[in-house]
Protein chains: 2
Amino acid sequence: MPLTETIHRPTLHEELVERLRNLVIEDALKPGEKVPEKYLCEAFGVSRTPLREALKVLASEGLVVLQANRGARVATVTREELEKTFPIIAVLEELAGELACKNLSDAEIEKIEKRHATMIKAYRVKDRKAYFQANQDIHNALIEGARNDILETHHRLLASRVRRARFMANLSDDRWAQAIREHEQMMEKLRVRDSEGLGKLMKIHMMNKYAAHIRALNVVSEDAAED
Amino acid sequence: MPLTETIHRPTLHEELVERLRNLVIEDALKPGEKVPEKYLCEAFGVSRTPLREALKVLASEGLVVLQANRGARVATVTREELEKTFPIIAVLEELAGELACKNLSDAEIEKIEKRHATMIKAYRVKDRKAYFQANQDIHNALIEGARNDILETHHRLLASRVRRARFMANLSDDRWAQAIREHEQMMEKLRVRDSEGLGKLMKIHMMNKYAAHIRALNVVSEDAAED
DNA sequence: TGACTGCATTATGCATTCATAATTACCGTT
DNA sequence: AACGGTAATTATGAATGCATAATGCAGTCA
């Protein structure tokens, strides 16, 4: 008789994992930076034990790296890692797309349709922020639509290391237009519940995004080389 | 001047993560069982702090589940989880197969060829143990051949929850023969470095393995229903 | 001036301790 | 005897303490 959800009282270290993860993802703690254990303890009002437990977990997620006797640093994302990570995300999205096509309700698809319209509008007026929000929502809805929490977890683990705010600025007009076209195609497949079609498109979409990131990275590293 | 590898001194908690993970994978700690914190501390000769840190990591990997104030239990694998996990492993293997085809050296392929021969021999004489060992080696070699440690990590995380000793016994003669045929096909693709072909076969191979597991599970649960 | 050495300071890993929640054992009531 | 409630015990989460490795700094010598 599942009338009630099993209650979940969060422990300190879980709370901290959550908080710290957000700090890293939102770039409040920047890649390569030391994680100031003492400071964070004071800031959160906890002792070192739960904070250190949280760091261990974040390390196993790959968000920070631990050096014995030298503490934790926020993991830096090298180009090599990007190259390794994107293809994995791509196949996960492919799978998610296939499953979502099968499992999403009509109402949910309708909701995504609305989000899509919002996104298109944002594109027309070049509202980057609104665009990214709607885009994010659509992708999340598709991933969740797969009804596979394990897939979701692994996708999140991988995406959180790659999705960094600074990439948002690097969206070229060309890539933006291309992304919109890809989303239009994806919606077409979703409407007719062509699961394989959607899966393939989502994979391609991700790989194209990857190519754009790499191009942006090249520009950055060329700039850096000028110093 | 990279004459020396950067030395890595393992900390206690890393060591413990390793050890405990093995205990779970090797079924020394059985699913659903409580993880006897105190006992393990004594057995390993460490205090609770590093052991508990290790448990947090294993929990984030999904090998154990933590209940606040009620300690840790070895995670149980439900059929639902199997159903969610296998398709993910399948697409990861597909990707791994593609990458391995591109990245394996001729010498490494030769090694796999030898392993393959060993496996076939084991099949002929119905030596289950030798078969599983060679099989494992081949799969590991292919995953490693992808030259993508992140892919490897996620594959390992997923596989370790699913790969349980008791499944080994459940290999039917039919499935065994089918698996052998699939491996033959995979080798053919690998020899000519048909990356997409190998990828597709590895995915199919995994999904067939999945189907076999489900069949085995059905038998088990029907047996259980007889009580 | 600049690099090296030894000491002081700090940060870190781990052990220990403490407070409290969960479990068990016990006992009285029906 | 079975059930319910309460006290004793145990286990757990978190804080504190301690030993040691890493870092920063002053002093020395070229």
Side-chain angles (χ1 to χ4, degrees), chain A residues 4-24 28-76, chain B residues 1 4-21 23-24 28-76:
Chain A
T4 58
E5 284 283 309
T6 60
I7 87 161
H8 177 78
R9 240 182 324 168
T11 59
L12 269 188
H13 100 269
E14 293 181 82
E15 198 86 20
L16 288 172
V17 167
E18 194 79 13
R19 299 280 209 93
L20 290 176
R21 206 200 326 259
N22 287 341
L23 287 183
V24 173
L29 290 169
K30 300 213 164 45
E33 232 176 46
K34 273 201 55 175
V35 181
E37 196 175 289
K38 202 177 155 200
Y39 168 78
L40 289 170
C41 283
E42 287 167 15
F44 288 128
V46 300
S47 78
R48 284 175 56 218
T49 307
L51 190 115
R52 286 168 55 72
E53 288 173 345
L55 285 177
K56 301 285 185 298
V57 171
L58 293 189
S60 93
E61 293 182 1
L63 250 60
V64 305
V65 289
L66 300 176
Q67 299 167 291
N69 296 316
R70 293 179 56 182
R73 287 179 177 279
V74 178
T76 55
Chain B
M1 145 211 328
T4 58
E5 283 283 311
T6 59
I7 89 163
H8 177 76
R9 239 183 322 170
T11 58
L12 269 187
H13 100 269
E14 291 182 85
E15 198 86 20
L16 287 173
V17 167
E18 195 78 14
R19 298 281 208 94
L20 290 175
R21 208 201 324 261
L23 287 184
V24 174
L29 290 169
K30 299 214 166 44
E33 230 176 47
K34 272 201 56 175
V35 180
E37 195 175 288
K38 202 176 156 201
Y39 168 77
L40 289 170
C41 282
E42 287 168 14
F44 289 129
V46 300
S47 78
R48 285 174 56 219
T49 308
L51 190 116
R52 289 168 53 72
E53 288 173 346
L55 285 177
K56 300 285 185 298
V57 171
L58 294 191
S60 93
E61 292 181 1
L63 251 62
V64 304
V65 289
L66 301 177
Q67 298 167 294
N69 296 316
R70 294 180 56 184
R73 285 177 177 280
V74 178
T76 56

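Numbers restart at 1 for each chain; the letters A, B, ... are given by sequence-line order, proteins then strands.
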[N] [atom2] sits how many Å from [X] [atom1], rounded?
X	N	atom1	atom2	result
A:Leu12	C:dC18	CG	P	20 Å
A:Glu15	D:dG13	CD	P	15 Å
B:Lys38	D:dT9	NZ	P	14 Å
A:Leu16	D:dG13	CG	P	14 Å

Original post:
Where the side chain of B:Arg73 meets the backbone of B:Gly32, is there a donor-acceptor pair that is under 3.5 Å apart?
Top reply: yes
Original post:
In terms of heavy-atom contacts, does CZ of B:Arg19 have more than 12 from other residues, nucleotides or ligands at under 6.0 Å?
Top reply: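 Count not over threshold, so no.
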Subject >> Candidate pair B:Phe44 and B:Leu12, rule side-chain contact (heavy atoms from CB on, under 4.5 Å), full reasoning >> reply: CA-CA 10 Å; B:Phe44 289 129; B:Leu12 269 187; over 6 Å; no
Subject >> 4.5 Å side-chain heavy-atom contact, B:Leu51 and B:Leu55 >> reply: yes
**OP:** May I ask you to test the A:Leu29-A:Pro36 pair for a side-chain heavy-atom distance under 4.5 Å?
**Re:** yes
Original post:
Quick one: is A:Lys34 getting a side-chain N or O under 4.0 Å of the C:dT12 phosphate, OP1 or OP2?
Top reply: yes
Subject >> Among D:dT12, C:dG13, D:dA11, the one nearest B:Glu37 by side-chain distance >> reply: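 Looking only at side-chain atoms, B:Glu37 lies closest to D:dT12.
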Check nucleotides 23-25 of chain C for protein N or O atoms closer than 3.5 Å to its own N or O atoms and list the pairs.
unit_1: C:dT23; atom_1: OP1; unit_2: B:Arg70; atom_2: NE; d: 2.8
unit_1: C:dT23; atom_1: OP1; unit_2: B:Arg70; atom_2: NH2; d: 3.4

**OP:** Dump the intermediate steps for side-chain contact (heavy atoms from CB on, under 4.5 Å) on A:Arg21 and A:Leu58, then the final yes or no.
**Re:** CA-CA 7 Å; A:Arg21 206 200 326 259; A:Leu58 293 189; 4.2 Å; yes
Subject >> A:Ala68 vs A:His13, nearer the 5' end of DNA chain D by closest nucleotide >> reply: A:His13
Original post:
How long is the span from the OG1 atom in A:Thr11 to the CD atom in A:Glu14, to the nearest 0.5 Å?
Top reply: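 One finds 3.5 Å between OG1 of A:Thr11 and CD of A:Glu14.
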Subject >> Trace of the side-chain contact (heavy atoms from CB on, under 4.5 Å) decision for A:Val74 with A:Lys30 >> reply: CA-CA 7 Å; A:Val74 178; A:Lys30 300 213 164 45; over 6 Å; no
Subject >> Residue-level proximity of residues 43-67 of chain B to DNA chain C when a heavy atom falls under 4.0 Å >> reply: B:Val46, B:Ser47, B:Arg48, B:Thr49, B:Pro50
